[in-house]
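For reference, the structure is listed below as structure tokens.
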Amino acid sequence: MNLLRESWDYIQTHQDRFLEALRVHVELSVYSLLLAMIVFLPLGVLAARSNRIGPAIVGFVSAARVVPSIAVLFLLYPYRRELGDLAPFWPTSFALAVIALTLLAGPPLIINADAGLRAVDVSILENARGLGMTEWQVFSRVQVPLALPVAIAGIRTAAVEVIASATLAAFIGAGGLGRFITSGLTLYDYSLLLVGAIPVTLLALSAELSLAGLERLVTPPATT
Amino acid sequence: MPLSDHLPNSGRHGSRIEFDRVSRVYSGADHAAVSDVILTIEPGRFVVLLGPSGCGKTTLLKMVNRLIEPTSGTIRIDGEDIRQMNAATLRRRIGYVIQQTGLFPHMRIEENIAVVPRLLGWPKESISQRVDELLDLIGLPHAYRRRYPAQLSGGEQQRVGLARALAVDPSMMLMDEPFGALDAITRLRLQDELLAIHRQLGQTILFVTHDIDEAIRLADEIVVLRAGQVIQHGSPLDIVTAPADDFVRDLVGGGEALRRLSLIDAGSALNRNGNVRNEGLPAVTSDANLRTVLNLLLQTGTQKVTVTDENGAPVGTLGIPDIWSAGLERGTES
């Protein structure tokens, strides 16, 4: 309990630093997740709609998943200038971290979007066509709503991974709550380490819970 | 805008459907799924496509709403080549019901029923009014509007599927084994209700089944298919009493004498001689079929039943000999 008390005291005395780190951490996570959804959900749709390139996309993405997040970060590091130029409105290290986290969020988004769309019963889709829906109406009014629970499960996995991995951004000087963890480790100051670790855990948990709630909300009710 | 303005078919007859040398070959298949079918469905007829699985009946059905396109030949609805029409527009004019309902699990019952009116851009009040009418028509309480399909029984779901197909009062309906997944009692009840709806609305119905008893119960005309070809096209009585070949005879199968009885109503076999007064005999109305009458005789152990008109007034009696001669007569006359 002493440790927690010391951590709390640290936050009290370094409020500005803590809030800044928290803000950076949340921004890193939110931007990365949004960017990943914009880029990779359409790729998941593409995978589900094509029996030719679909399995190739999903196969490649599943294989790419074994690359650890920290490796992604360091693999991109040599190209930080070029990558940083892609988002000149952000500090280079922040841009680099966002790109790495976006890539990290890709696999669950693609895999779940593909699986969710493919799991929709073909007879339901054919019936939608039979009632006179256009291809776009079949997709937007029937297939997407029915795929949504599985797709949101993918977003949930991605969100938790991104929030947890955003701690690694501290290694390349992008800030975030990870800076307390790295400093804590170097200084053998566990209370400092917890100043980073506990809020990260709470952020990840709240993302998990709120997205799980959303998932339940969009799941059609079974017998009640 | 009154609701009737959205229902252009109200009070009109069903559509005529013509198949003109229609074939469909699937790539890789060694014979055509549908082969050179020439068939005309007259307006307002209830026509059942009957045959074993793989005979091409579903393919033939799905070509009418262009879910499957013919390899060759032409299909016309009321004289118009359906290839000249936009597929989605065509389908909105045709009621479509499949097995396992095909209801959308994420939509409430009212939304499921309203799918086609919504596609056609009806105003909200008209849709709501129509949903109530349809729930009345299929005998479900208005309280079901807010439920989801999974909260209904199989029979109720199939009723909703029927309501959805009837939403814009189409001049024709395509039904692909709609009652195939239901238990026997529910199936019988829904068959009766479908017949009542058909009598009331008069649309053309094309109905696919592999169940001969269902075909006989429902059809004005039965089209027997095998390997993509029409083997026989006639009334249920024709099919049962004069099967075109061994294939149809096998399909009609055993119990054909009983089936024949189920096609003859008590009124037409009536023994008008003798005493018609009700003397404690079991009574049936004159539109009951002879199979029902025979069943009643065997159950009650009586020699005769009294036949009454729809007002309950006795018009004659029926005994085993009458049933026997009626069955014999109909069996040999064709």
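Order of the sequence lines fixes the chain letters, A, B, ..., with proteins taken first and strands second; residue numbering starts at 1 for each chain.
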Selection from A:P220, A:G130, A:A128 maximising heavy-atom pairs under 4.5 Å formed with chain B: A:G130
Side-chain heavy atoms of [X] within contact of [Y], under 4.5 Å:
{"X": "A:E126", "Y": "B:I98", "value": "no"}
{"X": "A:N127", "Y": "B:R164", "value": "yes"}
{"X": "B:P105", "Y": "A:I124", "value": "yes"}

Kindly check if the number of other-residue, nucleotide or ligand heavy atoms within 6.0 Å of [atom1] ([X]) is above 12?
{"X": "A:F18", "atom1": "CZ", "value": "yes"}
{"X": "A:R65", "atom1": "CZ", "value": "yes"}
{"X": "B:R189", "atom1": "CZ", "value": "no"}
{"X": "A:F74", "atom1": "CZ", "value": "yes"}
{"X": "A:Y79", "atom1": "OH", "value": "no"}

Choice from B:L119, B:N65, B:L174 maximising heavy atom contacts with chain A below 4.5 Å: B:L119
Closest approach of A:L131 to B:Y96 (non-hydrogen atoms, all atoms of both residues): CD2-O, 4.3 Å
What's the spacing between [X] [atom1] and [Y] [atom2] if we round to 0.5 Å?
{"X": "B:R118", "Y": "A:Q137", "atom1": "CZ", "atom2": "CD", "value": "12.0 Å"}
{"X": "A:R129", "Y": "B:K62", "atom1": "CZ", "atom2": "NZ", "value": "10.5 Å"}
{"X": "B:R91", "Y": "A:T134", "atom1": "CZ", "atom2": "OG1", "value": "10.5 Å"}

B:H106 side chain vs A:Q143 backbone, donor-acceptor pair below 3.5 Å: no
Under 4.5 Å from a heavy atom of chain B, the part of A:E135 involved: neither
